[in-house]
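Structure first, commentary second.
Numbered from 1 within each chain, the chains take letters A, B, ... in sequence-line order. Heavy-atom basis, side chains included; hydrogens, waters and symmetry copies ignored.
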There are 2 protein chains.
Amino acid sequence: MTFQEKASQAIREAGGRMTAQRQIILELLETSDEHLDAEELHRRARVQDSDISLATVYRTLNTLQEAGLVQQRYHSPEHSRKYVEPVHADEEYHFTCRNCRRVMPFHSELMQQLKQQLEAELNVQVFNACVCVDGLCPECRASSHKE
Amino acid sequence: MTFQEKASQAIREAGGRMTAQRQIILELLETSDEHLDAEELHRRARVQDSDISLATVYRTLNTLQEAGLVQQRYHSPEHSRKYVEPVHADEEYHFTCRNCRRVMPFHSELMQQLKQQLEAELNVQVFNACVCVDGLCPECRASSHKE
DNA sequence: TTCCTTGCAAAGTATTTGCAAGATT
DNA sequence: AATCTTGCAAATACTTTGCAAGGAA
């Protein structure tokens, strides 16, 4: 079952409706590998429907998040914008350079371990973990040594 | 050297000045174990100086963060407010219940490992890692099973 | 005396919401 | 036909900023 099929089903099950706007947003989410925020998604969605509103993008993302179809990501150190990605098996996290703002994605089995640890030790059920790391990227690190 | 002494020194070294307002905020940061956001800090600071402004609290926190004296924390799933804590040896992270909003702090050596892994594999220098986990706390988990 | 810091109010950024019109089932 | 969704504009929440007055070094 593709992401769009899963989404359609979930929306329907929640008593919602499939609209042209939602279709566009789902398509963009499925085909983009980058992490998108509402504004960028809106910008891209307008290529297909120049009347689609930013509010609709926000509402659709919230709907999808509530249905567990997309998860939120924030980038350090700002944490000001919400990025979304479809829920997949391998979760991606992000390192942001404080100096040049470059974002480096990373994967780590440690996060899986952390979830298990929390479920065991705190007796909670984990839905989502957000990890944002910041510091200096290799290049900025090197140039800061020279100074 | 206490947190306040370190802070005074760092502020001075950066060409800044120690003011009554900053003194109050530093004191609150040092003596509170909870995580405070600007508004809560402002509320508490007003007990000692009823004229202190929210803008000053924000500016002071930014100054302290730039100096590496406090670090930011965000709570999932909202990520809307910035909380601060003095930089200490043992870093604390947070789990938030999606249902009852309860926040449970936790510690984990896995985060230290993650930092080391990133420094080794990505060749970056890590300044800060933010981890916010959300899901269901033990109580809400139990009651959701009953439904 | 220099210039950093403050309070105030206004502005800024990201996101949400009320409402009437429009679309889906 | 019923009601969910949309676009628009206004509202909200958190944080930053311009400016003139005040305060630290």
Determine whether a donor-acceptor pair (N or O, by modelled atom type, separation under 3.5 Å) exists between the side chain of B/Thr96 and the backbone of B/Ser76.
yes
ILVMFWY cluster membership beyond B/Tyr83 - transitive side-chain contacts under 4.5 angstrom
none
If you look only at distance, which donor and acceptor atoms sit under 3.5 Å apart when one is on a side chain in residues 50-58 of chain B and the other is two or more places apart or in another chain?
{"from": "B/Ser53", "atom 1": "OG", "to": "B/Ala55", "atom 2": "N", "distance (Å)": "3.4"}
{"from": "B/Ser53", "atom 1": "OG", "to": "B/Thr56", "atom 2": "N", "distance (Å)": "3.1"}
{"from": "B/Ser53", "atom 1": "OG", "to": "B/Thr56", "atom 2": "OG1", "distance (Å)": "3.1"}

Heavy-atom nearest pair, A/Arg17 first then A/Arg22, reads O-NH1, 2.9 Å
Do the side chain of A/Arg73 and the main chain of A/Glu92 share a donor and acceptor less than 3.5 angstrom apart?
yes
Any N/O pairs under 3.5 Å between the protein and nucleotides 22-25 of chain D? List them or say none.
{"from": "D/dG23", "atom 1": "N2", "to": "B/Arg17", "atom 2": "NH1", "distance (Å)": "2.7"}
{"from": "D/dA24", "atom 1": "N3", "to": "B/Arg17", "atom 2": "NH1", "distance (Å)": "3.1"}

By salt bridge (charged side-chain N to carboxylate O under 4.0 Å, His left out), which residues pair with B/Arg44, not counting sequence neighbours?
B/Glu34, B/Glu40
Report the residues that fulfil ring pair (Phe, Tyr, Trp, His ring centres under 6.0 Å) with B/His35, sequence neighbours left out, ordered by chain and then residue number.
B/His94
Kindly give the heavy-atom pair with the smallest separation between B/Val126 and A/Phe95, and that separation in Å.
CG2-CE1, 4.4 Å
Taking atom types as modelled, find out whether B/Gln21 and B/Thr60 have a side-chain donor-acceptor pair closer than 3.5 angstrom.
no
Contacts of A/Tyr74 meeting ring pair (Phe, Tyr, Trp, His ring centres under 6.0 Å) (sequence neighbours excluded), chain-then-number -> B/His79
For DNA chain C, determine which residues of residues 21-29 of chain B have any heavy atom closer than 4.0 angstrom to one of its atoms, and list them numerically.
B/Gln21, B/Arg22
Residues passing the salt bridge (charged side-chain N to carboxylate O under 4.0 Å, His left out) test with B/Glu139, sequence neighbours excluded, are B/Arg102
Just by modelled atom types, is the B/Glu109 backbone N or O under 3.5 Å from a matching donor or acceptor in the B/Gln112 side chain?
no
As a check of understanding: the bend across the helix from C/dT1-D/dA25 to C/dT25-D/dA1, end axes from five pairs, rounded to 10 degrees, works out to 40°
Look only at the side chain of B/Ser143 and the backbone of B/Cys140, and say whether a donor-acceptor pair between them is shorter than 3.5 Å.
yes
Kindly state which residues belonging to residues 55-73 of chain B come within less than 4.0 angstrom of DNA chain D, counting heavy atoms of the residue only, listed by number.
B/Ala55, B/Tyr58, B/Arg59, B/Asn62
What is the separation between atom NE2 on A/His42 and atom C1' on D/dT6, rounded to the nearest whole Å?
12 Å
Where does the chain A footprint on DNA chain C start and end, counting 5' to 3' with a 4.0 Å heavy-atom cut-off?
C/dA14 to C/dT25
Taking the hydrophobic residues Ile, Leu, Val, Met, Phe, Trp and Tyr, and joining any pair whose side-chain heavy atoms are under 4.5 Å apart, which ones share a cluster with A/Leu136?
B/Phe127
Let me know the distance between OH of B/Tyr74 and C1' of D/dA13, rounded to the nearest Å.
14 Å
B/Arg46 and B/Gln48 side chains, donor-acceptor separation under 3.5 Å:
no
